[in-house]
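See below for the structure under consideration.
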Amino acid sequence: MNVEQNQTGGFRSCFRRVTPYVPGEQPKEQNIIKLNTNENPYPPSPAVAKALREMEPDKFRLYPDPACGILTKALADYHGVGADQVFVGVGSDDVLAMAFMTFFNSDRPIFFPDITYSFYPVWAGLFRIPYEQKALDENFRLRSEDYAQENGGVIFPNPNAPTGLLEPLSFIEDILDHNRDVIVVIDEAYIDFGGQSALALLDRYENLLVVRTYSKSRSMAGVRIGYAVGSCELIRAMQDVKYSFNSYTMSQAALELGTAALADEAYFRTVTDRIIATRSRAVKRLTEQGFCCLDSCANFIFAAHPGYDGEKLFAYLRQNGIYVRHFSGPRIGRYLRITMGLDEEMERLYETLERAYGSL
Ligand SMILES: *Cc1c(COP(=O)(O)O)cnc(C)c1O
């Protein structure tokens with residue numbers, strides 16, 4: 001058999017060929033400072049620890065509730081919507097993938113920004129959805145007119161990632177007004193760090209789907225909980241797709257822990273406020289060191305130093321046990337995406353950067 005055949009011929013010609021998403025590194029070493037995947041540096045609510053201690057292992061014998069009743073109901077009450085308006089999934093990645101499968105079935109391309117969550121083009125490729133990426137303007141902002149042309153759906157994060165820039169609700173409304181015939185998905189992974197949620201628009205736009213996650217603001221990336229809120233028609237359509245794919249997506253443990261977390265609003269506020277305060281200080285400190293920081297509304301800062309190459313700074317920090325994220329690309333290669341850590345971790349970052357300037 002020749003090499004060519006070995007790689008693509010025969011049964012291999014039937015494979016689904018995809019270019020997978022590349023997640024941030026999860027290093028195994030101890031004592032590193034991990035500011036690379038936008039996890040929360042604070043533990044989940046004590047209410048989650050309590051629910052974990054009180055969990056009944058015997059419940060694990062049975063399949064979990066396929067409708068995820070307790071968590072769906074708790075989320076519906078939390079947001080003041082009907083339980084038929086909430087869809088829960090295994091992290092928002094699962095929810096977003098379901099939304100792509102359910103709503104993006106047009107021959108027309110879906111639209112999303114050129115600089116955004118890099119999973120969007122991966123799902124579009126996986127599900128064979130045509131797409132067009134709309135270039136952010138020179139200040140890394142979305143241009144609403146780009147999303148006014150005919151399309152098969154629109155999706156973007158607000159705040160956007162990896163820029164951290166927030167668009168106001170008036171902008172989202174403008175997008176919705178120009179896209180009455182398709183579904184508009186707003187990915188609110190970072191909305192709890194200071195943004196105004198598009199949930200406020202749900203009553204007026206039945207084509208709006210808002211997607212949220214426990215991974216960032218609720219410190220539960222490891223439990224994998226995400227959800228979507230939308231009109232009951234949209235949610236029913238997503239449920240039909242889910243039940244055609246895997247009825248039992250959420251573990252019993254995730255359902256219980258996710259429900260417990262919602263009961264502790266005070267803790268949630270304390271943690272998100274702390275991260276917002278860390279972010280203000282970080283912008284100040286990084287700016288003093290010469291960085292240009294985009295105006296972040298998320299739990300990370302996207303910053304570039306005019307005197308130093310992004311990739312070199314990234315490598316220097318990594319060698320010194322501090323992991324941040326670097327994306328290559330003509331417009332963003334100069335930047336580092338720095339997740340807000342504990343205040344002492346941030347101090348280590350500033351000190352290490354000072355040393356980098358002396359040695360790069
Ligand atoms: C982190 C992130 C997600 C995925 O989060 P999950 O852990 O799967 O809930 C989705 N969208 C954006 C923009 C993100 O940054």
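Ligands are counted one by one from 1 in listed order, and the atoms in each one are counted from 1 as well.
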Shortest protein contact, [atom] (heavy atom only):
atom: atom 14 (C) of ligand 1; answer: Lys216 NZ, 3.0 Å
atom: atom 7 (O) of ligand 1; answer: Ser215 OG, 2.5 Å
atom: atom 13 (C) of ligand 1; answer: Asp187 OD2, 3.3 Å
atom: atom 15 (O) of ligand 1; answer: Tyr190 OH, 2.5 Å
atom: atom 8 (O) of ligand 1; answer: Arg224 NH2, 2.7 Å

> In this structure, which one of Lys134, Glu132, Arg108 forms a side chain to side chain donor-acceptor pair (under 3.5 Å) with Gln149?
Replying inline: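 Looking at Lys134, Glu132, Arg108, the match for Gln149 under the side chain to side chain donor-acceptor pair (under 3.5 Å) is Lys134.
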
>> I'd like to check which ligand 1 atoms, numbered from 1 as shown, lie under 4.0 Å from a non-hydrogen atom of Gly91.
In response: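 Under 4.0 Å from Gly91, ligand 1 has these atoms: 8 (O), 9 (O).
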
> For ligand 1, which part of Tyr214 has a heavy atom less than 4.0 Å away: the side chain, the backbone, both, or neither?
Replying inline: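 Contact part for Tyr214 vs ligand 1: neither.
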
> Any idea which part of Ser92 is under 4.0 Å from ligand 1, heavy-atom wise: side chain, backbone, both or neither?
Replying inline: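 The part of Ser92 near ligand 1 is both the backbone and the side chain.
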
> Mind checking whether Phe302 and Phe140 have parallel, tilted or perpendicular rings, split at 30° and 60°?
Replying inline: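 If you compare the ring of Phe302 with that of Phe140, the planes turn out perpendicular.
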
> Can Glu188 and Ser197 be counted as having a side-chain donor-acceptor contact under 3.5 angstrom?
Replying inline: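 A donor-acceptor contact under 3.5 Å links the two side chains.
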
> Do Arg274 and Tyr42 meet the cation-pi criteria used here (NZ or CZ under 6.0 Å from the six-membered ring centre, within 45° of the axis)?
Replying inline: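 Cation-pi check for Arg274 and Tyr42: passes.
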
> Cation-pi between Arg337 and Phe300: NZ/CZ under 6.0 Å from ring centre and within 45° of the ring axis?
Replying inline: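 So Arg337 does make the cation-pi contact.
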
> Just one of Phe156, Tyr131, Tyr117, Tyr147 clears the ring pair (Phe, Tyr, Trp, His ring centres under 6.0 Å) bar with Phe112, so which one?
Replying inline: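 Passing option: Tyr131.
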
